[in-house]
Student: 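What follows is a single structure, and I will ask about it in a moment.
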Amino acid sequence: MEIIRTVKRLEEICRAAGESGKSIGLVPTMGALHAGHKSLVDRARKENDILVVSVFVNPTQFNNPDDLRTYPRTEEADSAMLENCGADYVFMPTAEEIYPEPDTRVFDLGPVAEVMEGAMRPGHFNGVAQIVSKLFAWVRPTRAYFGEKDFQQIAVIRKMAALEGFDFDIVACPIVREADGLALSSRNVRLTAEGRAIAPQIHSLLEKSRQLKEQGLKPAEVARATAEAIDSVAGLTTEYYQIVDALTMQPVDDWSDAGAEGTVGCVTVYCDNVRLIDNIRY
């Protein structure tokens, strides 16, 4: 496994692989890797000749400076995990290498980026589009892999790829959870013991919300009741819970309004001042 620090070297390797007809799998990450990331890496390893993993905490997608400052960074452990997983190349650049000049591009991402995370974190998705578009252009992967915990982000990346003319597979991979249901996240390490004990109730209450749909409640009613249930747990505070079309990310008035991919409920909850996201299909 080779650790790459420069864009020039990354482009050289990926160009050579492409010219030789080899398929390239790309897994973009912000490091602090866990079993959720491993599931993406393992799948990419099986489906491609060359595996490239990026590890970079991207400053342009953080609208909260404290969140950027406290985001976990575990480069040595990440490298060991990726070597064990069979990664060929790990791209670990500095911010100066990625942004020698400020990236002033503004992407017209449309409605998928205007709701939920887009509304709560101004500029976040534009920052995601900036870094992912750079990685796509440098690597030119055959397939790029993203976890469905960041469900809305995948829709945004698909939109960005269409805008920029990237024509390759964007592969969405299922959420990986702890045995008690908590969605794996790099932020989980920041939870106190008390917070870690109550955080699994987020997923538990999302699961129970399916019963409300079966009882005939409309999407907005299910969302409101679920948010209230989460908020009733001491130590949990819902920022939003919305039930949306799984492709457009737009709220649906009735279950039958959703398109071919159905509906998904997306939630953000504060626990121990740690911002946790999760989602569930209906």
Side-chain angles (χ1 to χ4, degrees), residues 36 61-68 70-71 109-129 146-159 172 175 177 181-188 190-191 195 198-213 217-255 257-259 261-282:
Q61 71 190 66
F62 286 83
N63 61 320
N64 182 338
D66 287 338
D67 196 18
L68 173 60
T70 59
Y71 198 88
L109 298 168
V112 295
E114 294 170 357
V115 296
M116 298 186 293
E117 291 296 281
M120 296 298 171
R121 303 178 66 187
H124 167 66
F125 282 134
N126 196 71
V128 170
F146 299 89
E148 286 190 337
K149 182 175 70 68
D150 298 290
F151 197 89
Q152 186 180 5
Q153 176 175 276
I154 296 174
V156 169
I157 289 169
R158 292 188 194 280
K159 176 66 173 179
I175 297 173
R177 299 184 182 276
L182 179 63
L184 291 182
S185 169
S186 300
R187 300 175 192 272
N188 291 353
R190 293 168 51 194
L191 294 170
I198 61 172
Q201 292 196 51
I202 299 168
H203 177 62
S204 175
L205 291 167
L206 293 186
E207 290 276 1
K208 289 179 181 177
S209 73
R210 286 182 170 140
Q211 299 172 11
L212 301 177
K213 177 188 176 184
L217 273 67
K218 289 184 177 294
E221 295 170 328
V222 174
R224 183 165 54 252
T226 304
E228 289 173 354
I230 293 171
D231 288 341
S232 72
V233 178
L236 298 182
T237 304
T238 306
E239 185 174 66
Y240 66 80
Y241 184 54
Q242 291 191 24
I243 297 174
V244 300
D245 182 283
L247 284 179
T248 68
M249 300 294 113
Q250 301 307 297
V252 291
D253 292 327
D254 195 84
W255 300 105
D257 293 339
E261 293 297 315
T263 54
V264 61
C266 299
V267 71
T268 291
V269 179
Y270 280 93
C271 176
D272 274 352
N273 292 318
V274 179
R275 194 172 185 273
L276 303 176
I277 64 173
D278 205 344
N279 60 75
I280 190 170
R281 292 272 194 166
Y282 286 99

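Just the heavy atoms: all of them, side chains too, but no hydrogens, waters or symmetry mates, feed the values below. What you see is a predicted model, and the numbers here were worked out from it, not measured in a lab.
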Student: Taking the side chain from Trp255 and the backbone from Leu217, do they hold a donor-acceptor pair closer than 3.5 Å?
Tutor: yes
Student: Working to the nearest 0.5 Å, report the span between CG of Leu276 and NZ of Lys149.
Tutor: 8.0 Å
Student: Does any N or O in the side chain of Gln250 come within less than 3.5 Å of the main-chain N or O of Thr248, such that one atom is a donor and the other an acceptor?
Tutor: yes
Student: Would the number of heavy atoms belonging to other residues, nucleotides or ligands and lying under 6.0 Å from CG of Asn63 be above 12?
Tutor: yes
Student: Looking only at non-hydrogen atoms, find the nearest pair between Tyr282 and Val222 and report the distance.
Tutor: OH-CG1, 3.8 Å
Student: For side-chain contact (heavy atoms from CB on, under 4.5 Å), just list the numbers for Leu236 and Asp231, CA-CA rounded to whole Å, side-chain angles, deciding distance to a tenth of an Å, and then say yes or no.
Tutor: CA-CA 6 Å; Leu236 298 182; Asp231 288 341; 5.8 Å; no
Student: Check whether any side-chain N or O of Thr238 sits under 3.5 Å from a backbone N or O of Tyr240 as a donor-acceptor pair, and report yes or no.
Tutor: no
Student: Looking at Asp272 and Arg187, does any basic side-chain N land under 4.0 Å from a carboxylate oxygen?
Tutor: no
Student: What closest approach, in Å, do Ala225 and Leu212 show between heavy atoms, and which atom pair accounts for it?
Tutor: CB-CD1, 3.8 Å
Student: Can you tell me how far apart CG (Asp150) and CD1 (Ile175) are? Round to the nearest 0.5 Å.
Tutor: 9.0 Å
Student: Checking Ser209 side chain against Leu206 main chain: does a donor-acceptor pair fall under 3.5 Å?
Tutor: yes
Student: Within a strict 4.5 Å, meaning less than it, do heavy atoms of the Asn279 and Val267 side chains meet?
Tutor: no
Student: Calculate, to the nearest 0.5 Å, the distance between atoms CD and NZ belonging to Glu221 and Lys213 respectively.
Tutor: 14.0 Å
Student: Give the C-alpha distance, both sets of side-chain angles, the deciding distance and a yes or no for side chain to side chain donor-acceptor pair (under 3.5 Å) between Thr268 and Tyr241.
Tutor: CA-CA 7 Å; Thr268 291; Tyr241 184 54; over 6 Å; no
Student: If I take atom OG from residue Ser185 and atom CG from residue Asp278, how far apart are they, to the nearest 0.5 angstrom?
Tutor: 10.0 Å
Student: Would you give the length of the straight line joining atom CG of Asn126 to atom CG of Leu109, rounded to the nearest 0.5 angstrom?
Tutor: 6.5 Å
Student: Hey, are the side chains of Cys266 and Gln242 touching, using non-hydrogen atoms and a 4.5 Å cut-off?
Tutor: no
Student: Between Phe151 and Ala246, what is the shortest heavy-atom contact and its length?
Tutor: CE2-O, 3.4 Å
Student: Would you say Leu191 and Cys271 make side-chain contact, with heavy atoms under 4.5 Å?
Tutor: yes
Student: Does a side-chain heavy-atom distance below 4.5 Å link Val244 with Val115?
Tutor: no
Student: State, to 0.1 Å, how close Ile243 and Pro219 come at their nearest heavy-atom pair, and which atoms those are.
Tutor: CD1-O, 3.3 Å
Student: Could you walk me through whether Thr237 and Val269 pass side-chain contact (heavy atoms from CB on, under 4.5 Å), step by step?
Tutor: CA-CA 5 Å; Thr237 304; Val269 179; 5.7 Å; no
Student: Are the side chains of Phe125 and Gln61 in contact, using a 4.5 Å heavy-atom criterion?
Tutor: no
Student: Which pair of heavy atoms, one from Thr263 and one from Ala258, lies closest together, and at what distance?
Tutor: CG2-CB, 3.4 Å
Student: Would you say the side chain of Pro111 lies within less than 4.5 Å of the side chain of Met249, judging by non-hydrogen atoms?
Tutor: no
Student: Could you check whether Arg121 pairs with Glu239 (Lys NZ or Arg NE/NH1/NH2 to Asp/Glu carboxylate O, under 4.0 Å)?
Tutor: no
Student: Could you check whether any side-chain heavy atom of Val112 comes within less than 4.5 Å of a side-chain heavy atom of Gln152, counting everything from C-beta outward?
Tutor: no
Student: Quick one: does Glu117's side chain have a donor or acceptor within less than 3.5 Å of a partner on Gln153's backbone?
Tutor: no
Student: If you look at every heavy atom in Asn273 and Arg190, which pair is closest and at what distance?
Tutor: O-NH2, 4.1 Å
Student: Within the 4.5 Å heavy-atom criterion, are Arg224 and Glu228 side-chain neighbours or not?
Tutor: yes
Student: Between the main-chain N or O of Arg281 and the side-chain N or O of Arg210, is there a donor-acceptor pair closer than 3.5 Å?
Tutor: yes
Student: Is any NZ, NE, NH1 or NH2 atom of the basic residue among Lys218 and Asp254 found under 4.0 Å from an Asp or Glu carboxylate oxygen of the other?
Tutor: yes
